[in-house]
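Residue numbers start from 1 in every chain, and the chains themselves are labelled A, B, ... in the order their sequence lines are given, proteins ahead of strands.
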Protein chains: 2
Amino acid sequence: MSTKGKQNRERIVEAADNLFYHKGFNQTSFSEVADASGIPKGNFYYYFKSKDELLNAVIDSRIELFRNLLSECEANYQQPLERLYRVADILVNEADNVLHHGCPMGTLNAELGKTQEELKAHATQMFDLLVDWCEQQFMALGKGEESRFLAMHQLAMLQGAAMLSHVYNDRTFLEKEVQTVKSWLDSLLQ
Amino acid sequence: MSTKGKQNRERIVEAADNLFYHKGFNQTSFSEVADASGIPKGNFYYYFKSKDELLNAVIDSRIELFRNLLSECEANYQQPLERLYRVADILVNEADNVLHHGCPMGTLNAELGKTQEELKAHATQMFDLLVDWCEQQFMALGKGEESRFLAMHQLAMLQGAAMLSHVYNDRTFLEKEVQTVKSWLDSLLQ
DNA sequence: GTCTATAATTCGATAGAC
DNA sequence: GTCTATCGAATTATAGAC
């Protein structure tokens, strides 16, 4: 694939990423992605042979983005507790988006979980990445076999915070819940 | 409306309720509801003049169901703490459904929150009912102004538990999280 | 009240010229 | 590689006979 082709492909993925997040996967049409990316509709099938394949590319892109985010976090923060704080802070940093559209990981999984099991399995890899990474931090804190559950529990609390604050468009609640998660992390070390 | 007409209307709502939960609102077509309810497709518009109106009827039906559930709970349990336990237990009682399709309140709000604000506002009334009721129980426990936040916090934890256990189809995690919520309720009274 | 037939639109996907 | 034109299927919704 040429440089131009790669640029076009990335532009499509970027436009689709935003639309799938804001409108949902099934409610986003190829025409809308075409308009948003500036690529004629008929030309899509040169880059992606189906809508499902486009979603898979979007998911891969989100996973790659998260991988870089976590690597950066590892470089900037040495303490496992600090690193777990940063995961909770993601919700506050992305508060505007979370309040309006919910968590991009959670809402996508919820949508695909209804009728598109295969696509959901891929979307779940976004959770895997985060759960595995948090589990490692809890392991480093000496939590042993309990680490997996603690990692899932932390993400569950954040998902619940994202859901309720999205339902009520309540920024204050989101911030209080994130603080609650941090207090819970503190309590684990005592 | 005749008795027959009312029966037909209820059959449509019941079929739509299940399909909207299992497949999502936007991914469910009138044809599917027609097949499931045994009512010919063209006859739908005698009972509901649009798909949105059908969803509103489904939401009203769910709210009514929840109202009865909470009334029954009030009759059977006098202690506010016991009553709050029962709200958490809903997830365990409905574990099969939650694992396969997520929380019917949460997933519907997440879907409608993307592009159908008006419908979402109605769906949010399901949360209102539950939050208000839990708030009353916390008030009865003497939690005062904090009660509203505690009610939202409890529901956020349950939503997170539903989301993660749905993502991973993990019944054990769901049960552990519900137990965690109950332990949190206990800790509030000490 | 009930049902058939179909309108009007939009969707994902394809064919084929350049 | 790029783009236009369009297909076939599915969708919500309507018209009108009975």
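Contacts of Phe30(B) with the nucleic acid, taken as non-hydrogen atoms under 4.0 Å apart, involve only primed sugar atoms and P, OP1 or OP2.
Under 4.0 angstrom from either OP1 or OP2 of dG1(D) there lies at least one side-chain N or O belonging to Tyr46(A). The side chain of Ser29(A) contributes an N or O atom lying less than 4.0 Å from OP1 or OP2 of dC11(C). Here Asn43(B) does not reach the OP1 or OP2 of dT4(C): none of its side-chain N or O atoms lies under 4.0 Å away.
Gln27(A) places its CD atom 13 Å from the P atom of dT11(D), with the value rounded to the nearest Å. Atoms OH (Tyr45(A)) and P (dC11(C)) sit 11 Å apart, rounded to a whole Å. Whole-Å rounding puts the Phe48(A) CZ to dC11(C) P distance at 19 Å. Rounding to whole angstrom units, NZ of residue Lys49(B) and P of dT12(D) are separated by 17 Å. dT2(D) atom P lies 13 Å from atom CZ of Phe44(A), rounded to whole Å. The nearest whole Å value for the distance from the CD atom in Gln116(A) to the P atom in dG12(C) is 12 Å. Protein atom CG of Asp52(A) is 14 Å distant from nucleotide atom C1' of dC11(C), rounded to whole Å. Taking atom CD1 of residue Ile39(B) and atom C1' of nucleotide dT4(C), one finds them 16 Å apart after rounding to whole Å.
For Gln27(A), the CD atom is densely surrounded, since the number of other residues' heavy atoms within 6.0 Å is greater than 12.
Taking the side chain of Pro40(A) as heavy atoms from C-beta on, and the options dA13(C), dA13(D), dC3(D), the nearest nucleotide is dC3(D). Of the candidate nucleotides dC11(C), dT6(C), dA13(C), dC11(C) has the atom nearest to the side chain of Ser31(A). Distances were taken from every side-chain heavy atom of Asn8(B) (C-beta onward) to each of dT6(C), dT2(C), dG12(C); the shortest belongs to dT2(C). Of the candidates dG12(C), dT2(D), dA13(D), the closest approach to any side-chain atom of Lys51(A) belongs to dG12(C).
Asp128(A) and Tyr168(B) form a side-chain donor-acceptor contact under 3.5 Å, judged by distance and modelled atom types alone.
Lys51(B) forms a cation-pi arrangement with Phe25(B), by the criterion of a distance under 6.0 Å to the ring centre and an angle within 45° of the ring axis.
Using the six-membered ring where Trp is involved, Phe44(A) and Phe30(A) have ring planes that are tilted, between 30° and 60° apart.
For Glu117(B) (side chain) and Lys114(B) (main-chain N/O), no donor-acceptor pair under 3.5 Å exists by modelled atom type.
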